[in-house]
Structure formats: C-alpha cells, structure tokens
Number of protein chains: 2
Amino acid sequence: MRISDLAKATGCHLETVRYYERIGLLPPPERSTAGYRNYRDSDVERLQFIVRSRALGFSLEEIRSLLTLASRTELSCKQVDGVARTHLAQVEAKQRELAALAAELRGMIETCHHDTRATCTILQSLAG
Amino acid sequence: MRISDLAKATGCHLETVRYYERIGLLPPPERSTAGYRNYRDSDVERLQFIVRSRALGFSLEEIRSLLTLASRTELSCKQVDGVARTHLAQVEAKQRELAALAAELRGMIETCHHDTRATCTILQSLAG
DNA sequence: GTTGACTCCGTAGTAGCTACGGACTTTAGT
DNA sequence: ACTAAAGTCCGTAGCTACTACGGAGTCAAC
C-alpha cells in the first residue's frame with residue numbers, strides 16, 4: 001500500500017501523512033527498493049485513530065498519549081478517560097468563551113443604527 | 001510615551017506592539033535621538049481598538065479592514081456592519097462545531113465502563 | 001561610575017498543517 | 001522499446017498570532 005492509498009483510505013492529506021511520520025506519530029514504514037513507503041492495514045487503523053481524534057479536537061500531543069495508552073490493552077482505561085474528560089472540559093471552556101463573544105457581537109450589531117461611521121456603535125464598542 | 005507605557009496602557013504585550021508595527025497594523029512612531037519609540041495618545045486609542053477587537057476574536061486582517069473603515073468617519077457603516085456580521089457568523093459556526101464535538105465526547109465518556117483498555121469505548125470510538 | 005532597568009533589532013520557536021520545486025520511479029499507452 | 005503522465009521522494013518555506021531569546025546600546029538613580 002502506497003502513501004496515496006493510505007491517504008485516500010483515511011481521508012488524510014498525503015503531506016500530512018509524511019508530517020505525522022516526521023513527528024513520530026506514525027512509525028516509519030518499510031520501503032521499496034526505490035525508497036517508496038509501503039504501508040500495512042495496521043497503519044490504516046492507526047492513522048484512522050489519529051484522524052478521528054483530530055476531528056474531535058484532540059491535539060497531536062493528546063493523541064500521542066492516547067496511542068500510547070491504547071497499546072497497553074490489559075491496563076485500565078482510567079487515564080484514557082482522564083485525557084478525554086480534560087479535553088471535554090477544554091471544549092466546554094471554549095464554548096463559554098464563544099457564547100460570551102457571540103453575545104457581545106450581537107449586542108454591538110443590534111444597537112447600531114447604520115448611519116455614519118462617526119456614530120457607529122460597532123466601532124465605538126471596539127474602541128472601548 | 002515609551003513602548004512599555006503603551007503596552008501597560010493597553011494590556012498588550014510589549015513584543016506584540018512591535019509585531020503590530022512590523023506588520024503595518026500600528027504606524028511607525030517617532031523616535032528619540034537614541035532610536036527609542038515615542039508614542040502619543042492616538043496610538044493608545046488605536047492599539048486599544050486592536051486589543052479589544054482581538055478579544056472579540058477578529059483576525060488581524062479583519063482588524064486591518066475595520067481600522068481602514070473607521071478612518072473614513074463620514075461614510076456609512078454598512079461595511080463595518082458587514083465585517084461584524086461575517087465574524088459573528090463564523091463564531092456561530094464554530095459554536096455549532098464545538099457543540100457537536102462536546103456531545104460526541106460526552107457520549108464516548110458516558111458509555112465507558114472503565115475496565116480494561118481492550119473494552120474501552122472511548123478508544124473504540126476513536127478507532128472509528 | 002556603576003548598577004539595574006529599559007530598549008533596540010533580527011531571528012527562531014510555537015501548532016498543525018500545506019505548498020513548492022526538482023529529481024527520481026512507476027505505469028499506461030503506442 | 002519508447003514516451004508521457006502520474007506518482008513519489010526530500011527538504012524547506014509558508015500560514016496565524018504571537019512569544020522568547022540574545023547581544024548590544026541607553027537611560028536613571030545612587
């Protein structure tokens with residue numbers, strides 16, 4: 001399986017695959033005599049895990065942890081749970097931040113009477 | 001007014017002030033004979049506008065537009081309104097994205113029985 | 001005069017990719 | 001067998017919005 005096949009199978013950009021290898025998130029695959037990367041099914045699974053985790057907003061470092069944790073299947077998943085809960089908490093914090101921000105933007109927009117910029121409440125709000 | 005005074009007056013990091021100047025968001029100020037930057041009150045206002053806009057999530061390019069738009073006080077504020085509404089729409093899109101993400105994370109976490117990693121539903125979800 | 005705080009500048013680092021360019025290899029078609 | 005197109009290789013630079021660093025020069029107080 002070549003790099004473009006792996007990319008297609010996972011929906012991951014080809015250059016991103018190489019990037020993940022470079023930062024050690026994907027193991028360096030075997031190479032053909034010409035130096036082309038040869039991937040196996042296990043690489044597809046690992047990359048799928050990464051792509052899916054990214055879609056859920058996990059950082060590459062969090063994913064690195066998750067991959068390490070996942071490899072020791074006999075241990076408890078307390079730590080996995082911890083990573084997920086921490087991430088959820090971050091997402092929720094970001095949600096609160098955006099909610100406050102959206103409310104302020106709406107206020108700014110709604111109070112504006114849309115005449116000249118000299119009396120624009122949007123600009124006045126932004127000025128402080 | 002020196003650069004550290006401007007930074008303190010606006011709550012902006014000192015190095016960020018120089019950065020904003022470098023990218024043309026702040027005009028190059030006058031210099032003392034030794035080459036130190038001398039700022040005026042109008043610089044404080046401009047930087048305050050930038051800092052406040054950043055806090056509301058506007059990108060530096062959006063802020064660049066807003067600053068240009070703001071300078072022509074006699075014109076209507078339709079375009080200002082447009083920038084603000086576009087930004088609000090982006091924030092709302094991000095909110096929807098985060099809401100979906102949080103829901104999925106919660107589902108993952110709640111269904112997990114927390115025994116071994118082999119049966120961890122969090123890891124299974126991430127695997128696809 | 002000397003110490004300490006301040007300022008200068010250019011450069012590099014952060015996250016997570018994406019794009020580019022020039023060389024090489026493989027594949028399909030004739 | 002030959003050629004053209006598509007795929008792959010690698011290193012490097014670009015993106016956003018900063019932040020940090022290092023070495024040099026400057027200013028204020030004691």
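Below, chain A is the first sequence line, B the second, and so on; all start at residue 1.
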Between [X] and [Y], does at least one N-O distance fall below 4.0 Å, as a salt bridge requires?
X	Y	result
B:R106	A:E92	yes
B:E104	A:R52	yes
B:E74	B:R72	yes
B:E21	B:R18	no

Please name the pair of heavy atoms, one in B:G57 and one in A:L101, separated by the smallest distance, quoted to 0.1 Å.
N-CD2, 4.4 Å
Closest heavy-atom contact between B:L123 and B:R117?
CD1-O, 3.7 Å
To the nearest Å, how far apart are A:I3 CD1 and D:dG7 P?
13 Å
Grab the CD1-P distance between A:I23 and D:dC10 for me, whole Å please.
16 Å
Under a 3.5 Å distance rule, please check whether [X] uses its side chain to pair with a backbone N or O of [Y] as donor and acceptor.
X	Y	value
A:H87	A:E62	no
B:T10	B:Q48	no
B:R54	B:F58	yes
A:H13	A:E15	yes

In numerical order, the residues of residues 88-99 of chain B whose heavy atoms come under 4.0 Å of DNA chain C are none
In residues 10-18 of chain A, which residues come under 4.0 Å of DNA chain C by heavy atom?
A:H13, A:E15, A:T16
With a strict under 4.0 Å distance from non-hydrogen atoms of chain B, what nucleotide opens and what nucleotide closes the contacted stretch of DNA chain C, reading 5' to 3'?
C:dC6 to C:dC9
Does B:Y20 make a side-chain N or O approach to OP1 or OP2 of D:dA17 shorter than 4.0 Å?
no
Considering heavy-atom distances to DNA chain C, does B:R22 or B:D5 have its closest nucleotide positioned more toward the 5' end?
B:D5
Taking only nitrogen or oxygen atoms into account, show me every contact under 3.5 Å that the protein makes with nucleotides 26-30 of chain D, one pair per line with its distance.
unit_1, atom_1, unit_2, atom_2, d
D:dT26, O4', B:Y36, OH, 3.3

For B:Y19, enumerate each residue passing the ring-ring contact (aromatic ring centres under 6.0 Å, His included) test, keeping only those at least two apart in sequence or located in another chain.
none
The criterion is side-chain hydrogen bond (donor to acceptor under 3.5 Å, both in side chains); which residues satisfy it with A:D43, sequence neighbours excluded?
none
Quick one: does B:F49's side chain get under 4.5 Å of B:L67's, heavy atoms only?
yes
